[in-house]
Amino acid sequence: MTDSFSTPAHAFDPATFEPRWQAYWADNKTFRAVEDPTKPKYYTLCMFPYPSGAGLHVGHPESYTAIDIVARSKRMRGFSVLNPIGWDSFGLPAERAAVREQRHPADITREYIGNFKRQLLRLGFSYDWDREISSCEVDYYKWTQWIFLKLHERGLAYLADVPVNWCPAQGTVLANEEVVDGKYVETGEPVERRMMKQWMLRITAYGDRLVDDLEGLDWPEHVKEMQRQWIGRSEGAEVDFKIDGHDASFTVFTTRPDTLFGATYCVLAPEHVLIQKITSADRRADVDAYVATARNRSDLDRQKSAEKEKSGVFTGAYAINPVNGAKVPIWIADYVLATYGTGAIMAVPAHDERDHAFATKFGVPILQVVSAPAGHDVQAEAWTGDGKSMNSGAYDGLDVATFKKQITAWLEENGHGRKRVNFKLRDWLFSRQRYWGEPFPIVHTDAGEVKTLPYSALPVSLPHIEEFKPTAEGLPPLGRAEQAWLQTEVDGVVGWRELNTMPQWAGSCWYYLRYMDARNTELPFDPANERYWGPVDLYIGGIEHAVLHLLYARFWHKVLYDCGMVHTKEPFQKLFNQGMILSFSYKDANGKYLGPHEVEQRGDVWYAIGGDTPLEVKIEKMSKSKKNVVDPMDVVVEYGADALRIYEMFMGPLEQVKPWQTSGVEGVYRFLARVWRLFIDQDSGALRPFGPSNREVTKAIHAAVKEATEGIDLLKFNTPIAKMMEWVNACHGELPAKEECEDLLRILSPWAPHVCEELWLRLGHTTSISAEAWPTWNESALIDDTLEIAVQVGGKMRGAVTVARTADKDTILAAAKADATIARHLEGKEILKEIVVPGRLVNFVVK
RNA sequence: GCGGAAGUGGCGGAAUCGGUAGACGCGCUGGUCUCAGAAGCCAGAGCCGAGAGGUGUGGGGGUUCGAGUCCCCCCUUCCGCACCA
């Protein structure tokens with residue numbers, strides 16, 4: 001009832017102008033990206049959003065705001081900026097929702113996209129909406145299929161019978177990268193191993209380049225390291241071992257060929273093909289039992305037991321060591337992986353910890369062939385470091401590196417082995433037994449041939465089906481499509497379409513290229529456009545994609561590079577990971593979570609409203625079950641988009657994990673309201689008069705311009721806000737000179753574009769502030785005529801004196817000694833040394 | 001176990017070519033305005049101490065006139081990898 005009194009007619013109210021500016025930008029296509037050869041380009045990109053039913057969470061606007069600030073400031077600094085947005089819209093979650101809600105995934109996906117888009121528009125991001133794309137629409141996935149054909153043409157796509165990660169809950173296979181600890185990373189559902197015929201992409205052929213090209217990238221070191229570890233390049237040798245009494249041999253991979261003389265046994269993985277052939281009659285029962293057990297154990301079990309003890313069984317067969325003819329027993333053990341190297345190893349227990357553990361348990365001899373430091377007994381513990389070779393015949397006395405080279409050369413010359421580079425990285429399992437994904441441009445003929453469709457036959461549209469479950473015969477959901485889709489003709493032969501679909505990663509492997517030429521109907525994109533826009537200059541997204549998406553996209557990019565489609569070896573020049581935004585949660589003694597509106601603080605302790613038992617307060621990841629989710633749209637309704645954007649940046653460094661605090665949003669809202677009141681008379685709505693600037697205000701604006709300019713380049717978006725706040729504080733409620741006020745609006749506009757456009761308009765300008773030139777600062781304006789010099793006595797702070805900036809050493813010392821407090825501290829002491837740091841401090845070293 | 005990042009007021013965080021620790025914001029205290037409240041505005045504050053002063057950037061040592069910053073040891077937290085021969 002007192003609102004008319006308490007709220008002036010023209011008080012700061014973002015809801016009155018924010019939507020108006022959003023409409024203005026849309027109507028005028030203010031942020032259209034133009035291939036302008038007269039300007040340098042800048043390409044900003046956020047990781048492809050997956051539009052979920054839950055809508056935006058506060059993590060989305062964090063990276064989007066950071067990108068938007070860079071994009072807006074780069075435009076103001078004369079760059080032609082590409083800042084696009086689109087939707088990663090194929091994938092399992094939509095299909096599961098479809099089953100749950102009895103609706104078609106296309107309908108669900110489009111609804112979610114509409115919701116996301118509405119929310120993003122309400123936050124005022126400067127996207128070129130004319131380039132909006134959606135990976136589930138046929139005008140996009142036609143080109144995903146096109147790129148698949150390119151991969152196939154180059155021998156990089158093949159069908160293979162492979163052990164796959166089958167997730168029964170999802171009803172599909174998963175890529176290695178999607179499985180952690182035997183569980184699907186997205187849902188935590190268990191994964192088991194099966195043999196299946198699947199489409200694979202030969203990413204391993206690019207292993208070397210994927211490692212080597214990391215070198216020149218401006219990426220966080222730990223992300224590069226994660227990629228290196230995942231690719232896991234290791235250099236060594238393959239060695240062939242004949243089997244005593246059999247016309248057979250097997251090959252091992254080792255990184256330590258220099259320890260060949262110390263091999264006291266060999267191990268085959270339980271899946272190794274030779275096992276049946278070489279096992280002796282008296283060992284067969286044990287071997288069969290061991291192999292059967294190993295086969296039935298899940299990866300998770302295998303991993304768990306790895307932490308405890310080694311297991312294994314002797315085959316009864318012996319291998320012949322090619323370097324010295326020694327016969328060593330062949331064991332089977334599941335600590336040797338079928339999928340890495342050759343699935344077989346030579347074991348050198350003296351110099352490998354795993355072999356040592358195994359040898360100790362099963363009583364296999366341990367033979368030292370590399371000298372260890374005094375006091376190190378290889379019988380007790382393996383020595384894996386450097387040393388001189390011993391017990392190695394003619395090779396004794398060599399260091400590890402030299403011996404490796406010599407023995408590898410000897411192996412090659414004598415046909416017993418060869419130099420070899422191995423990767424942990426395996427080929428990418430590229431098919432999924434699901435509906436909501438890109439169909440393969442592949443046809444299987446009745447004669448059993450696998451044929452690719454010609455480019456002219458694209459797109460292969462996803463057929464409409466009603467049920468998204470496997471067929472009764474166990475075929476993937478696409479088996480439910482009509483005969484007219486299932487059966488087709490290629491090269492004059494009738495055949496059946498591939499029923500698998502591509503994984504969700506396919507669409508996100510090249511979307512950043514489509515943005516460069518989003519409406520091209522002839523090609524995925526025109527290479528001329530790529531030469532202008534590529535590569536992405538700044539890419540921001542979550543650390544969760546450090547391996548998966550970034551590895552796959554780099555792989556495809558390199559293939560397109562080899563096809564002459566793109567002109568850079570790498571797609572993303574600079575990468576940055578935003579830190580997750582956490583939130584406070586409140587839990588009562590019964591373990592029940594309470595929402596922020598159900599709790600109150602009394603003193604330092606939180607209680608349920610009206611309750612008297614203290615609650616447990618924690619900072620946790622936002623989740624519905626913890627009742628600590630912050631909906632960015634709620635924040636917009638209460639404080640406006642500008643306040644949300646500024647708070648997301650003001651919370652702390654972008655890369656840091658940090659907790660959401662609604663009181664902090666109120667703080668930045670108050671800042672914006674102060675800016676508003678500085679410019680606008682709240683009662684009349686009129687622009688308030690400019691006045692004279694003083695030294696303090698002028699210094700503050702230059703400091704703010706400097707901090708904003710440098711902060712944006714360093715992706716430090718929090719401290720510039722502090723400097724702008726200092727300028728407002730320095731104004732003490734009175735507008736200073738017009739130019740300084742305009743500079744403030746210019747530098748604030750990337751963070752808070754709506755209020756800055758509004759005030760810019762009210763200053764009488766008729767064009768958008770987003771097209772203004774970025775201001776510059778003057779270092780000289782930052783320097784004061786007088787300086788405060790800190791004074792220490794014996795290294796302890798005792799006071800400060802104010803002197804002219806030009807004051808010389810003696811003047812400063814005299815001023816310091818004249819200060820009453822300093823004089824008191826110097827009294828009765830002998831000054832041993834006088835240290836003067838110009839412009840900073842004086843230190844009297846005393847006795 | 002291996003690798004990486006980080007520990008600063010009641011809270012989020014500033015400041016690292018070594019040079020006045022705690023900018024800015026939140027919260028708090030006091031004042032102003034008001035019949036009253038809210039908002040706004042002004043002022044205060046690391047901690048201990050009445051004060052002089054002491055003390056203080058996870059802990060312990062060291063280098064230095066001077067250390068949040070450099071060196072050594074330790075503790076804690078978070079993240080990644082985890083039989084890859």
Can you tell me, in whole Å, how much space there is between the [atom1] of [N] and that of [M]?
N: U63(B); M: C17(B); atom1: P; answer: 24 Å
N: G53(B); M: C65(B); atom1: C1'; answer: 22 Å
N: G25(B); M: A15(B); atom1: P; answer: 16 Å
N: C35(B); M: U20(B); atom1: P; answer: 49 Å
N: G49(B); M: U64(B); atom1: C1'; answer: 31 Å
N: U55(B); M: C71(B); atom1: P; answer: 26 Å
N: G10(B); M: U29(B); atom1: C1'; answer: 13 Å
N: A39(B); M: C75(B); atom1: C1'; answer: 48 Å

- [ ] To the nearest 0.5 Å, tell me how far H732(A) NE2 sits from E696(A) CD.
- [x] 4.5 Å
Give the rounded distance in Å between these two atoms: [atom1] of [X] and [atom2] of [N].
X: L672(A); N: G40(B); atom1: CG; atom2: C1'; answer: 16 Å
X: N577(A); N: G80(B); atom1: CG; atom2: P; answer: 12 Å
X: L678(A); N: C41(B); atom1: CG; atom2: P; answer: 11 Å
X: E734(A); N: C41(B); atom1: CD; atom2: P; answer: 13 Å
X: F671(A); N: A39(B); atom1: CZ; atom2: C1'; answer: 19 Å
X: M725(A); N: G25(B); atom1: CE; atom2: C1'; answer: 6 Å
X: L260(A); N: A85(B); atom1: CG; atom2: P; answer: 16 Å
X: K796(A); N: G66(B); atom1: NZ; atom2: P; answer: 11 Å

Open item on the list: Testing the basics here: between A9(A) and D683(A), what is the closest heavy-atom pair and its distance to 0.1 Å?
Closed with: CB-O, 4.2 Å
[X] vs [Y] side-chain heavy atoms within contact, under 4.5 Å:
X: L260(A); Y: L411(A); result: yes
X: T360(A); Y: P349(A); result: no
X: E834(A); Y: I831(A); result: yes
X: N843(A); Y: V837(A); result: no
X: T786(A); Y: R805(A); result: no
X: I822(A); Y: F844(A); result: yes
X: I619(A); Y: S583(A); result: no

Open item on the list: Once you measure the plane-to-plane angle for W660(A) and Y647(A), does it fall in the parallel (<30°), tilted (30-60°) or perpendicular (>60°) bin?
Closed with: perpendicular
- [ ] Examine K310(A) relative to Y335(A) and say whether NZ or CZ is less than 6.0 Å from the centre of the six-membered ring and inside a 45° cone about the ring axis.
- [x] yes
I'd like a table of atom pairs between the protein and nucleotides 4-8 of chain B - only N or O on both sides, under 3.5 Å - with the distance next to each one.
none

For a quick test of reading the model: is some side-chain N or O of [X] closer than 4.0 Å to OP1 or OP2 of [N]?
X: K424(A); N: C81(B); result: no
X: R677(A); N: A39(B); result: no
X: R670(A); N: G27(B); result: yes

Between [X] and [Y], a side-chain donor and acceptor under 3.5 Å:
X: W383(A); Y: E381(A); value: no
X: R233(A); Y: N422(A); value: no
X: E238(A); Y: T251(A); value: no
X: Y340(A); Y: S234(A); value: yes
X: T65(A); Y: E648(A); value: no

- [ ] Mind telling me if G9(B) is syn or anti? Syn here is a glycosidic angle within 90° of 0.
- [x] syn
TODO: Do nucleotides 42-48 of chain B as a string where each nucleotide becomes B, S or -: B if the base has a protein heavy atom under 4.0 Å, S if just the sugar-phosphate does, - if no protein is that close.
DONE: -------
Task: Contact letters for nucleotides 11-21 of chain B, in which S counts primed atoms plus P, OP1 and OP2 and B counts the base, heavy atoms under 4.0 Å - done: SBSSS---BBS
I'd like to know if [X] and [Y] make a salt bridge, using a cut-off of under 4.0 Å between side-chain N and carboxylate O.
X: R418(A); Y: D240(A); value: yes
X: E225(A); Y: R228(A); value: yes
X: D352(A); Y: R256(A); value: no

Open item on the list: Please tell me whether F362(A) and Y265(A) form a close aromatic pair, meaning their ring centres lie under 6.0 Å apart.
Closed with: no
Open item on the list: By the 4.0 Å heavy-atom rule, please label T339(A) as base, sugar-phosphate, or nothing.
Closed with: nothing
Write down the protein N/O and nucleotide N/O pairs, taken from nucleotides 49-53 of chain B, whose separation is under 3.5 Å; answer none if there are no such pairs.
residue: A52(B); atom: O3'; partner: R824(A); partner atom: NH2; Å: 3.3
residue: G53(B); atom: OP1; partner: R824(A); partner atom: NH2; Å: 2.5

TODO: Could you go through the side chain to side chain contact (heavy atoms under 4.5 Å, CB included) check for L214(A) and E221(A) one step at a time?
DONE: CA-CA 10 Å; L214(A) 285 170; E221(A) 195 48 46; over 6 Å; no
Open item on the list: Taking donor-acceptor contacts at under 3.5 Å, does the side chain of K723(A) reach the base of C24(B)?
Closed with: no
TODO: Tell me which of I543(A) and G794(A) sits closer to the 5' end of RNA chain B, going by the nucleotide each one is nearest to.
DONE: G794(A)
Task: First of A344(A) and I721(A) reached from the 5' end of RNA chain B, by closest nucleotide - done: I721(A)
- [ ] May I ask you to list the residues of residues 345-353 of chain A, by number, that have any heavy atom positioned under 4.0 Å from an atom of RNA chain B?
- [x] I345(A)
- [ ] Find the runs of at least 3 consecutive base pairs, i with j, i+1 with j-1 and so on, that include RNA chain B, using Watson-Crick or G-U wobble geometry with both distances under 3.5 Å.
- [x] B:1-7 with B:75-81, B:10-12 with B:24-26, B:28-32 with B:40-44, B:46-48 with B:53-55, B:58-62 with B:70-74
